Amino acid sequence: MRLEAIPAPTLTRTLGLPAVALTLTVIAASGLALVAGGDPFAVLGLIVQGAVGSKFALLETLNRATPLIFTGLAVAVAFRAKLWNIGAEAQLYGGAVITVVLGTGFLPWPAGVLLPVLVIASMLTGALLLLGPAYLKTRLGVDEVVTTLLLNFIALLFVSMLLEGPLKDPMGMGWPKSERLIPEARLPRLVDGLRLHWGFALALIAAAAVWVIQTRTTLGYEMRAVGQNPDAARFAGIPVGAVILKTAFLSGGLAALAGFSEVAGLKGSLTLDLSPGFGYTGIIVAMLALLNPLGVVVSALFVAGVFVGADSMSRAADVPTYIADILLALALLSMVLAILLTRFRVVRD
Amino acid sequence: MEILDILLSASFWAAAIRIASPLIFATMGELICERAGVLNLGIEGIMVAGAFAGWMAVYTGTDLWTGVAVAFGAGMLFGLLHATLTVPFGLSQHVVGLGITLLATSATYFAYRVALPEVSSPPRIEAFQPYEIPLLSDLPLLGPALFSQTPLTYLAFAVAGLTAFTLYRTPLGLALRAAGENPSAVEAQGLSVTGLRMGAVIVGSGLMAVGGAFLTMSAFNSFFFEMVNGRGWICIALVVFGAWRPGKALLGALLFAAFDALQVRLQQTGLGADIPYQVFLMLPYILSILALIVMSRRAEVPAALMVPYNKGTR
Amino acid sequence: ADPIKVAGVYTVPVEQQWVSRIHIAAEAAAAAGQITYTFSENVANTDYPRVMREYAESGIELMIGEVFAVEAEAREVAADYPEVAFLMGSSFLEDPSLPNFAVFDNYIQDAAYLTGLIAGAMSEAGNIGMVGGFPIPEVNRLMHAFMAGAREINPDVTFQVSFIGSWFDPPKAKETAFAMIENGADLLYAERFGVSDAAQERGLLAIGNVIDTQADYPDTVVASALWHFEPTLQAAIAAVNAGEFEAANYGVFSYMREGGSSLAPLGTFEDKVPAEIKTLVQERQDAIKAGTFTVEINDEEPTSS
Amino acid sequence: MTETNGARPVLRLDQITKRFGALTANDAISFDLHAGEVVALLGENGAGKTTLMNILFGHYTADEGTVEVFGQTLPPGVPRAALAAGVGMVHQHFTLADNLSVLDNVILGTVPLWRAGLGSGAARRKLRALAEDFGLQVDPEARVGTLSVGERQRVEILKALYRDARILILDEPTAVLTPQEAEALFATLRRAVARGMSVIFISHKLHEVMSVAHRVVVLRHGRVVGRVATDETDRHALAEMMVGAEITAPAPRPATPGAALMTLDRVCTDARGTATGLRDVSLTLRAGQITGLAGVSGNGQAALADLIGGLIAPVAGALRLGNAEVADWSPRAALAQGIGRIPEDRHKTGTIADFTLTENAILEAYPKAQFSRSGWMRWGAAESFARDVIASYDVRCPGPETPIRLLSGGNMQKLILGRVLEDGPRIVLANQPVRGLDIGAVTYVQEQLIAARDGGAAVLLISEDLDEVLALSDVIHVMSEGRLSPEFARGSMTPAQLGVWMAGDGFAEDPHAA
Ligand SMILES: Nc1ncnc2c1ncn2[C@@H]1O[C@H](COP(=O)(O)OP(=O)(O)OP(=O)(O)O)[C@@H](O)[C@H]1O
Ligand SMILES: Nc1ncnc2c1ncn2[C@@H]1O[C@H](COP(=O)(O)OP(=O)(O)OP(=O)(O)O)[C@@H](O)[C@H]1O
Ligand SMILES: [Mg+2]
Ligand SMILES: [Mg+2]
């Protein structure tokens with residue numbers, strides 16, 4: 001078999017195939033629910049209900065999407081320049097750590113000053129964490145997939161060390177957890193009484209900013225050129241190494257904002273399990289969006305919605321909660337395939 | 001116990017080899033995939049699935065070797081899914097790999113919970129026991145370290161040897177290496193790139209699953225959630241560390257395991273009291289990165305790694 | 001009365017020793033018709049408050065779980081759902097301004113101390129290995145109580161303490177235990193799964209914790225300090241039924257005198273533990289129950305000696 | 001239409017049609033090939049030659065039509081069947097695995113996969129014998145990644161011979177070869193044909209076609225537009241048949257050389273991998289003059305091009321612009337000094353495949369105020385620049401928004417030419433500017449270079465095509481092993497004399513030199 005590009009895909013194809021993918025996913029989920037002794041016909045309704053069925057559900061979906069937008073953007077920016085940043089998880093924790101270091105009273109400033117400082121400090125920390133691997137890549141040709149991946153483990157152990165050492169909350173009863181941020185360091189809520197916070201708005205702003213950078217600035221142009229053909233870029237006089245470092249700076253900074261936003265917006269303090277793999281999921285989010293920064297917002301909402309909805313469904317239908325991740329994985333895999341098939345047709349030869 | 005004493009003790013090396021065994025299986029599996037041109041990030045999840053499938057088979061009554069075969073089969077199934085999506089369809093190997101890890105992990109947990117809803121203490125099986133190879137196990141130092149392991153450890157070394165032999169001494173291995181370097185060379189010689197790559201991913205995934213099964217059937221005797229605990233990601237690093245060569249990758253696995261064994265023992269020494277235990281846990285990762293930097297200049301990445309091959313497009 | 005609607009929210013699978021005690025107690029109460037019981041396991045802390053809210057919205061009356069890493073947020077949830085009773089494992093105390101939020105913890109240092117007495121007598125080498133997951137108070141205080149017991153019998157006993165940085169990596173726990181055995185330990189304190197297996201393989205002894213695993217390791221596990229969640233849960237059920245649930249510290253229900261912890265029967269080791277030690281253990285147990293002997297609670301991270 | 005030979009053909013293509021979407025790449029193409037015969041396939045870029053051969057070899061499946069080899073119809077889309085039937089193909093882009101040895105590349109796929117050994121011993125003997133027989137010297141143990149282009153080509157041919165191919169297809173085999181290498185190739189082909197092998201030969205170089213082929217089949221827009229025996233035609237007629245119109249080669253007027261714009265004074269550069277560095281090279285590029293550089297590929301031309309293009313700096317000696325010695329040398333610096341650069345490989349270094357024409361047109365110039373201001377792109381200006389280039393350099397394309405990968409090589413090259421020349425550079429570095437282009441495009445590009453010279457630019461033309469160097473250059477240098485010959489004036493040297501220098505004889509430190 002062979003794939004052949006479709007010059008102008010029809011609307012039916014563009015919308016129909018993803019719909020088929022989702023339908024198949026729901027059918028598979030219903031089958032699993034049946035196996036586990038739940039009601040297969042309730043599955044779809046419960047997922048939708050759980051993801052967007054109430055103001056509470058909807059806001060939870062947005063909440064979950066927030067860190068994914070940041071990590072998704074981080075990955076999209078890096079992958080666009082063919083910088084394979086698998087270390088968004090580490091950078092996320094970097095942002096979280098610096099937020100806690102500076103935001104628990106070290107800088108006793110009013111919110112209007114403190115919050116911007118925290119944003120910048122987080123971005124710098126995340127950027128520095130990716131600069132190392134990027135530098136090794138440009139200077140020594142060390143494969144960054146592996147270095148960034150390994151840094152995730154090192155970062156997590158480092159955070160664990162901090163949380164049991166200098167950052168440990170003296171009032172925390174020994175539990176490895178940081179002090180709480182001072183109120184000035186907290187991102188205000190967007191909606192009273194619900195967990196949605198300004199981090200979400202910041203994520204949307206970040207997405208728009210990345211889009212502008214990529215399409216409107218020389219840096220964006222350079223990043224795309226370096227990503228698609230470094231030889232041609234170098235020949236044309238684009239400083240390839242410097243562009244990769246700048247990309248790393250932006251990417252690491254964006255991933256770190258996920259950590260900042262989770263700590264300052266949601267949790268108020270840092271624990272070792274701040275992120276249930278947001279850094280890795282960011283890769284999926286970015287690729288699902290075909291590395292388009294605005295698409296990242298949509299795909300992050302999709303991923304968050306599927307997870308939150310399916311998780312809630314598992315409780316309502318009384319099936320093991322792991323079904324949520326199964327559903328998410330199936331939705332993702334069938335969705336990337338469907339998106340491919342909207343643009344290519346399979347020909348046999 | 002001082003570092004030198006540790007390094008000279010047979011039990012330390014026995015531990016290193018034991019810790020290395022699951023890594024060897026999975027690293028060889030990943031190496032085969034990457035040599036054929038496919039980065040398999042499904043490894044972590046496939047190891048989880050293998051750990052469960054093999055163990056569950058034995059728990060429900062099959063013998064141990066059948067359990068290993070079941071794990072291998074489970075790995076191949078996920079490998080088939082991975083291969084179908086990444087080879088003929090050429091989907092992003094990052095996304096598919098991570099998706100498979102998510103799918104295999106959650107499907108395993110789901111299956112475990114559906115199969116064993118009422119357990120409160122994990123059920124156990126009669127796992128592989130150490131087998132002392134006659135004569136060889138009497139050798140000083142080497143005997144207790146190398147030749148008093150469980151059969152699965154011996155199998156791990158055999159698999160590494162077989163991988164090296166296949167890659168460098170057989171037509172199949174030649175074709176696989178070519179597929180990872182320049183698929184059109186393979187196509188032009190009348191071989192199927194799709195077939196080779198899919199085969200490599202399927203068999204490689206099977207090996208990863210056996211690596212997982214080692215944890216539940218040899219290193220331990222029950223299945224636990226999160227048991228694989230990042231070992232799959234380590235194997236990805238080991239493949240790079242080994243410069244895509246089975247021998248070097250095997251050495252890397254042993255080295256990594258030795259550091260792990262050492263770190264466990266160092267925590268008991270005077271050092272252990274002063275230094276946070278996380279530092280010891282970090283050591284193997286930091287050393288891996290340092291090793292990568294040292295050997296970066298010589299590493300030869302398969303040129304077509306992560307590049308999908310679509311017949312008829314340029 | 002109608003059974004109370006109870007939901008459990010756990011951050012680990014219900015196989016995990018600690019959570020399994022809560023889970024079993026709840027299942028028993030459900031079987032007895034006192035409650036209806038549903039649960040979510042392996043919930044990430046990020047998702048924890050959302051799951052709590054979902055259950056609260058769905059009309060649950062009593063919620064049990066563990067909020068060690070999400071204290072503040074969990075309390076916010078409780079504040080938003082005043083009609084729901086929350087009984088949460090927590091290292092903190094109750095807050096009178098949050099009347100529907102009560103706390104508990106596994107204060108089984110009493111039993112751990114008793115196992116320490118036995119261990120001190122059973123370890124011939126006077127070298128005991130202890131493998132923990134993370135050095136958190138729930139672990140630390142049991143280790144300290146155990147160590148105090150062992151030292152009382154053998155003042156020269158040394159301890160090797162190690163944390164594997166994971167709640168769930170039995171092969172790693174086993175490796176760590178092996179390392180301790182190589183380093184001279186002849187008795188292991190099995191805080192994690194995997195440690196008893198190492199002891200069993202090398203023909204050594206182990207002391208269990210939280211659950212009784214002697215049936216699985218009849219020649220290995222000498223004694224175990226058990227935690228029973230039943231008294232805690234029953235107290236909460238009674239309070240809810242009476243409409244009197246309030247901010248309180250249920251931690252005391254884990255104490256030995258409340259029946260919240262016990263020394264597991266010596267079983268296969270009944271005849272192997274020296275008689276004078278058995279007598280001493282019995283004495284101390286009685287004293288503890290009578291309130292004339294208190295085991296010190298020390299939440300600091302233990303270190304090797 | 002009659003075929004010249006009455007005997008049964010070894011290969012018969014019958015009514016082959018292949019469509020890619022709306023485009024018909026091959027339109028009912030039929031022809032026969034007989035034993036011991038060389039048929040040349042001619043046609044402009046995109047005429048459908050490669051597509052046809054890919055169908056014959058089984059890479060593509062035809063929509064209609066059949067392929068018959070020795071009377072047997074080949075199953076469509078199965079390269080293995082074509083190989084088994086005795087068809088060997090040397091692809092336009094080499095199909096070799098760089099990480100394997102020559103021998104491994106040759107035996108790949110010839111041994112059943114499920115066997116324990118590779119049987120290298122016997123294979124090595126067979127390969128050696130073949131190499132001897134056909135005059136294709138190459139070390140079986142060498143890693144392909146270390147071989148020169150010419151050596152790689154030999155390996156490709158050996159691959160086919162090793163499989164006992166009876167029919168050999170060569171798709172633009174000489175596009176990347178030096179005259180000597182091409183000659184050696186033709187010698188090999190003649191030997192093969194003498195043993196009864198049949199050859200299909202694709203080339204844009206008409207003199208090669210005339211000298212090697214017995215018959216010519218000309219394609220245009222996917223259709224056969226002519227069949228003729230080589231002894232009944234000439235180059236001019238073939239060119240006309242290909243393009244469908246008359247072609248006139250550029251005939252440059254004599255130059256009027258001006259000031260020295262760039263001078264190299266005893267420059268040395270480091271060798272990089274297998275690529276030779278420069279050894280004591282002194283060279284002067286003058287305004288209003290085309291300096292031609294002849295030489296066998298891999299003798300330091302790449303280093304010289306990179307040096308002038310700003311990608312590398314001298315390790316010894318001086319590089320002067322006018323009278324000023326350059327210090328910080330980079331592509332940006334070279335561009336700022338008014339050096340326009342046409343790279344050797346338009347796909348690899350000249351363009352970015354997925355970028356639009358607009359984006360490619362400003363690849364070098366985007367930092368200029370015309371296209372960006374304080375970091376913000378001015379896409380409007382960029383697009384109108386691209387439109388200008390498209391219009392003034394006759395780039396045939398749907399529009400500036402088209403990704404450049406959809407363009408044929410000739411049109412890609414015209415865009416690069418426009419990008420380079422539009423700004424009126426003082427020095428033009430033209431490295432293999434017409435490699436792989438069809439006649440129409442070749443003529444156009446060469447005319448533009450002459451126009452640049454006439455406008456006062458110093459042009460350095462690097463080419464492996466000696467005819468081209470001789471035709472265009474006002475002065476000629478030859479490179480060999482990193483050394484540069486003295487300057488030869490137009491008409492002072494015959495091709496044979498230059499060939500001596502290309503072979504490395506005549507250089508001062510050479511003991512054989514006069
Ligand atoms: N894989 C493909 N998909 C779509 N169109 C194709 C493909 N391959 C070739 N074409 C189309 O077929 C036509 C013929 O291409 P082909 O490569 O056969 O030309 P050619 O005669 O070999 O040209 P050249 O002299 O440049 O090598 C081209 O115009 C191109 O548009
Ligand atoms: N995948 C493809 N899809 C569509 N058209 C293609 C594809 N590949 C090649 N083509 C078309 O095939 C034609 C010939 O392609 P080819 O790569 O042979 O270019 P070329 O003109 O020979 O350039 P060069 O000699 O520099 O390689 C071009 O017109 C190009 O547009
Ligand atoms: Mg062609
Ligand atoms: Mg061409």
Side-chain angles (χ1 to χ4, degrees), chain A residues 1-5 32 35-37 75 79 84 86 132-133 136-137 140-143 145-147 149-154 156-162 164-165 277 280-281 283-284 286-288 319-330 332-333 336-337 339-341 344 346-347 349, chain B residues 39 41 45 81 84-85 88-92 94-114 117 194 225 230 233-234 236-241 276-282 284-286 288-289 292-297 299 301 306 308 310-313:
Chain A
M1 70 166 256
R2 193 162 60 77
L3 296 177
E4 198 177 271
L32 287 175
V35 171
V75 172
F79 278 25
W84 306 112
I86 317 288
L136 288 177
K137 172 196 169 90
L140 300 173
V142 179
D143 184 52
V145 172
V146 178
T147 47
L149 183 65
L150 290 181
L151 268 180
N152 289 342
F153 299 101
I154 296 175
L156 218 58
L157 285 165
F158 189 71
V159 173
S160 157
M161 197 165 94
L162 291 177
E164 287 175 17
Y280 301 100
T281 313
I283 297 174
I284 297 176
M287 297 299 293
L288 202 56
V319 291
T321 44
Y322 307 110
I323 198 173
D325 278 338
I326 300 185
L327 210 70
L328 183 56
L330 289 178
L332 285 170
L333 292 175
V336 280
L337 183 59
I339 290 176
L340 175 89
L341 291 179
F344 291 89
V346 177
V347 275
D349 61 12
Chain B
L39 174 72
L41 290 182
L81 180 61
T84 308
L85 293 175
F89 286 106
L91 290 175
S92 152
H94 285 110
V95 173
V96 172
L98 291 173
I100 296 245
T101 282
L102 187 63
L103 179 67
T105 308
S106 53
T108 299
Y109 292 178
F110 185 82
Y112 180 86
R113 187 49 82 232
V114 170
T194 310
F225 293 78
W233 307 131
I234 302 293
I236 304 256
L238 286 175
V239 171
V240 181
F241 177 89
Y277 70 95
Q278 292 93 344
V279 172
F280 294 111
L281 293 175
M282 266 183 227
Y285 301 105
I286 293 176
S288 293
I289 292 185
L292 277 179
I293 295 172
V294 170
M295 46 156 276
S296 60
R297 296 211 177 273
V301 191
M306 299 201 284
N310 193 0
K311 200 167 132 181
T313 55

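Keep in mind it's a predicted model, so treat the numbers as computed, not measured. Atoms considered below: every heavy atom in the structure, side chains included; atoms not considered: hydrogens, waters and symmetry mates. Chain identifiers are assigned alphabetically (A, B, ...) following the order of the sequence lines, protein sequences preceding nucleic acid strands; residue numbering begins at 1 within each chain.
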Q: Most heavy-atom pairs under 4.5 angstrom with chain B, which of Val336(A), Thr281(A), Leu332(A)?
A: Val336(A)
Q: When you look at Ile289(B) and Ile154(A), which way does the side chain to side chain contact (heavy atoms under 4.5 Å, CB included) test go after all the steps?
A: CA-CA 11 Å; Ile289(B) 292 185; Ile154(A) 296 175; 4.0 Å; yes
Q: Answer yes or no: is there a side-chain heavy-atom contact under 4.5 Å between Phe89(B) and Leu341(A)?
A: yes
Q: Which region of Val35(A), side chain (C-beta onward) or backbone (N, CA, C, O), has a non-hydrogen atom less than 4.5 Å from a non-hydrogen atom of chain B, or is it both or neither?
A: both
Q: Give the member of Ala104(B), Ala237(B), Gly90(B) that has the highest number of heavy-atom pairs under 4.5 Å with chain A.
A: Ala237(B)
Q: Measuring from atom CD1 of Ile326(A) to atom OG of Ser106(B), what distance do you get when rounded to the nearest 0.5 angstrom?
A: 4.5 Å
Q: Given the rule in the side chain to side chain contact (heavy atoms under 4.5 Å, CB included) test, do Leu330(A) and Leu103(B) qualify, once you have shown the distances and angles that lead to the verdict?
A: CA-CA 7 Å; Leu330(A) 289 178; Leu103(B) 179 67; 3.9 Å; yes
Q: Kindly assign one of parallel, tilted or perpendicular to the pair Phe79(A) and His94(B), based on the angle between their ring planes and the thresholds 30° and 60°.
A: tilted
Q: Within this structure, what is the CZ-CD1 distance for the pair Phe153(A) and Ile234(B), rounded to the nearest 0.5 Å?
A: 5.0 Å
Q: Look at Val114(B), Thr105(B), Leu98(B), Leu102(B) and state which one has the largest set of heavy-atom pairs under 4.5 Å with chain A.
A: Leu102(B)
Q: So what's closer than 4.5 Å to chain B heavy atoms on Leu136(A): side chain, backbone, both or neither?
A: side chain
Q: For the residue pair Phe158(A) and Met282(B), establish whether any side-chain heavy-atom pair is separated by less than 4.5 Å.
A: yes
Q: With a 4.5 angstrom heavy-atom cut-off, could you sort out which part of Leu91(B) is near chain A: side chain, backbone, both or neither?
A: side chain
Q: Side chain from CB out, backbone as N, CA, C, O: work out which of these in Ile286(B) comes under 4.5 Å of a heavy atom of chain A, or both, or neither.
A: both
Q: Give, for atom CG of Asp325(A) and atom CZ of Phe110(B), the distance between the pair rounded to the nearest 0.5 Å.
A: 12.0 Å
Q: Against chain B, label Ile86(A) side chain, backbone, both or neither, depending on which of its atoms sit under 4.5 Å from a heavy atom there.
A: side chain
Q: Quick one, Leu157(A) with Tyr285(B), criterion side chain to side chain contact (heavy atoms under 4.5 Å, CB included). Give me CA distance, side-chain angles, the key distance, then yes/no.
A: CA-CA 10 Å; Leu157(A) 285 165; Tyr285(B) 301 105; 4.1 Å; yes
Q: Return the CZ to CD1 distance between Arg113(B) and Ile323(A), rounded to the nearest 0.5 Å.
A: 14.5 Å
Q: To check you understand the geometry: which heavy-atom pair defines the closest contact between Gly99(B) and Ala329(A), and what is its length?
A: O-CB, 3.7 Å
Q: Taking the ring centre of each residue, are Tyr109(B) and Tyr322(A) less than 6.0 Å apart?
A: yes
Q: Between Leu333(A) and Val95(B), what is the shortest heavy-atom contact and its length?
A: CD2-O, 4.4 Å
